[in-house]
Amino acid sequence: MILYHGSYLEIIKPDLVHSRVNVDFGRGFYTTPFYEQAVSWCRKFRRRGKDGIISLYEFDEKAYQELRVLNFDSYSEEWLDFILNCRSGKDTSDYDIVVGGVANDKVFNTVELYFEQLIDKAEAINRLRYEKPNLQICFRTEIAMEKYLHFEGSEQI
């Protein structure tokens, strides 16, 4: 499977040192199988006057059988709880890879309303049903990146 990472620089050897904490699926290296999604990730760097660079990787899907993987097939209560735990620094799980929807700006508005207790969980999930599907694959351990993710090249956009 081909995966993409949108950034302002080419990333030949992903690592956890440069990743942020308190994001959707916690500290990790975020990729997507959707090229256009990686392009949209680059836009924030381009707005800051930097280049947009998409790095391309071959992902060995044997990882799904050999590692600890959490897969969210859709926006759900479990996905919402996991996102909130990660974003608030309360995640203590030991998954190597987490797969699921992106909490982009539109999605995060709903998440914020729930987080601030302005809507309940059922209403949040109901609103999320209408969002355009997207997908991120977060590599949360060095072994997941080193053994199963192989750099193939990059392009400037």
Side-chain angles (χ1 to χ4, degrees), residues 1-42 44-45 53-115 120-122 124-129 131-154:
M1 170 191 293
I2 300 297
L3 297 178
Y4 306 96
H5 176 83
S7 183
Y8 63 93
L9 50 92
E10 177 183 74
I11 301 177
I12 296 170
K13 187 174 180 340
D15 62 48
L16 297 176
V17 173
H18 296 95
S19 64
R20 296 183 350 230
V21 296
N22 303 341
V23 290
D24 287 1
F25 296 151
R27 182 180 295 277
F29 183 70
Y30 286 77
T31 63
T32 180
F34 303 134
Y35 179 83
E36 286 304 317
Q37 187 172 319
V39 169
S40 73
W41 288 345
C42 288
K44 69 179 177 182
F45 301 112
I53 298 179
I54 295 180
S55 296
L56 177 127
Y57 305 88
E58 178 65 36
F59 172 52
D60 183 349
E61 294 181 72
K62 286 190 289 188
Y64 288 136
Q65 286 78 44
E66 297 175 1
L67 297 177
R68 294 174 311 271
V69 178
L70 178 60
N71 189 1
F72 296 104
D73 292 329
S74 63
Y75 295 125
S76 63
E77 288 187 25
E78 293 79 15
W79 173 88
L80 183 58
D81 290 340
F82 193 81
I83 292 277
L84 291 176
N85 277 336
C86 289
R87 286 187 170 236
S88 62
K90 297 177 185 172
D91 175 49
T92 59
S93 65
D94 64 348
Y95 295 106
D96 297 295
I97 298 173
V98 179
V99 180
V102 178
N104 61 21
D105 291 342
K106 290 180 75 178
V107 170
F108 194 69
N109 287 339
T110 298
V111 172
E112 273 294 303
L113 290 171
Y114 171 69
F115 191 69
D120 64 17
K121 189 179 284 186
I125 298 304
N126 184 49
R127 290 180 183 201
L128 291 171
R129 292 186 305 142
E131 294 301 326
K132 179 182 173 188
N134 53 42
L135 188 66
Q136 60 189 349
I137 301 173
C138 177
F139 293 82
R140 295 173 23 134
T141 60
E142 297 292 341
I143 189 72
M145 290 180 283
E146 290 171 7
K147 187 172 179 183
Y148 300 96
L149 195 64
H150 308 286
F151 180 76
E152 296 291 326
S154 66

Could you check Val98 against Phe72 for side chain to side chain contact (heavy atoms under 4.5 Å, CB included), going step by step and ending with a plain yes or no? CA-CA 8 Å; Val98 179; Phe72 296 104; 4.0 Å; yes

Given side chain to side chain contact (heavy atoms under 4.5 Å, CB included), test Ile137 with Phe25 step by step and report yes or no. CA-CA 9 Å; Ile137 301 173; Phe25 296 151; over 6 Å; no

Thr31 and Gln136: side chain to side chain contact (heavy atoms under 4.5 Å, CB included), yes or no, with the steps? CA-CA 6 Å; Thr31 63; Gln136 60 189 349; over 6 Å; no

Just do the side chain to side chain contact (heavy atoms under 4.5 Å, CB included) check on Arg140 and Ile97 with the steps written out, would you? CA-CA 6 Å; Arg140 295 173 23 134; Ile97 298 173; over 6 Å; no

I'd like to know whether Tyr57 forms a ring pair (Phe, Tyr, Trp, His ring centres under 6.0 Å) with Phe139, so could you lay out the CA-CA distance, the side-chain angles of the two residues, the decisive distance to 0.1 Å, and finally the verdict. CA-CA 12 Å; Tyr57 305 88; Phe139 293 82; 8.3 Å; no

Using a 3.5 Å cut-off and no angle test, enumerate the donor-acceptor pairs between side-chain atoms of residues 3-13 and protein atoms at least two apart in sequence or in another chain.
{"residue": "His5", "atom": "ND1", "partner": "Tyr30", "partner atom": "O", "Å": "2.6"}
{"residue": "Glu10", "atom": "OE2", "partner": "Ser154", "partner atom": "OG", "Å": "2.5"}

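Taking each heavy atom of Thr110 and Ala124 in turn, the nearest pair found is CG2-O, 3.6 Å. The two residues Gly26 and Cys138 make their nearest non-hydrogen contact at O-SG, 4.2 Å. Across Pro14 and Leu149, no two heavy atoms sit closer than the pair CG-CD2, 4.2 Å. Taking both residues in full, the closest heavy atoms of Val23 and Arg20 are given as CG1-NH2, 2.9 Å, listed atom of the first, atom of the second, then distance.
In this structure Asn71 satisfies the side-chain hydrogen bond (donor to acceptor under 3.5 Å, both in side chains) test with no other residue, sequence neighbours excluded. In this structure, Phe115 has no ring pair (Phe, Tyr, Trp, His ring centres under 6.0 Å) partners at least two apart in sequence or on a different chain.
With hydrogens and angles left out, the side-chain atoms of Arg68 and Thr141 include no donor and acceptor closer than 3.5 Å.
A distance of 10.0 Å separates CZ in Arg127 from CG in Asn109, rounded to the nearest 0.5 Å. The line from CD of Glu36 to CG of Asn134 is 13.5 Å long, rounded to the nearest 0.5 Å. Taken from OH in Tyr148 to OH in Tyr64, the straight-line distance is 12.5 Å, to the nearest 0.5 Å. Separation of atoms CG (Leu80) and OH (Tyr75) is listed at 11.0 Å; rounding is to 0.5 Å. Within the model, atoms CG of Asp91 and CG of Asp81 stand 12.0 Å from one another, a figure rounded to the nearest 0.5 Å. Distance check: Glu112 CD to Leu84 CG gives 8.5 Å after rounding to the nearest 0.5 Å.
Judged purely by atom type and a 3.5 angstrom limit, Thr32 uses its side chain to pair as donor or acceptor with the backbone of Phe34. With hydrogens and angles ignored, the 3.5 Å screen pairs no side-chain donor or acceptor of Glu58 with any backbone N or O of Glu152. In this structure a side-chain-to-backbone donor-acceptor pair under 3.5 Å is present from Trp79 to Gly101.
Asp24 places a side-chain heavy atom less than 4.5 Å from the side chain of Arg87. The side-chain heavy atoms of Leu16 and Met145, taken from C-beta on, include a pair separated by under 4.5 Å. Taking 4.5 Å as the limit, every side-chain heavy atom of Glu78 sits out of range of all side-chain heavy atoms of Leu70.
The pair Asp96-Lys147 fails the salt-bridge criterion, with no side-chain N (NZ, NE, NH1 or NH2) lying under 4.0 Å from an Asp/Glu carboxylate O.
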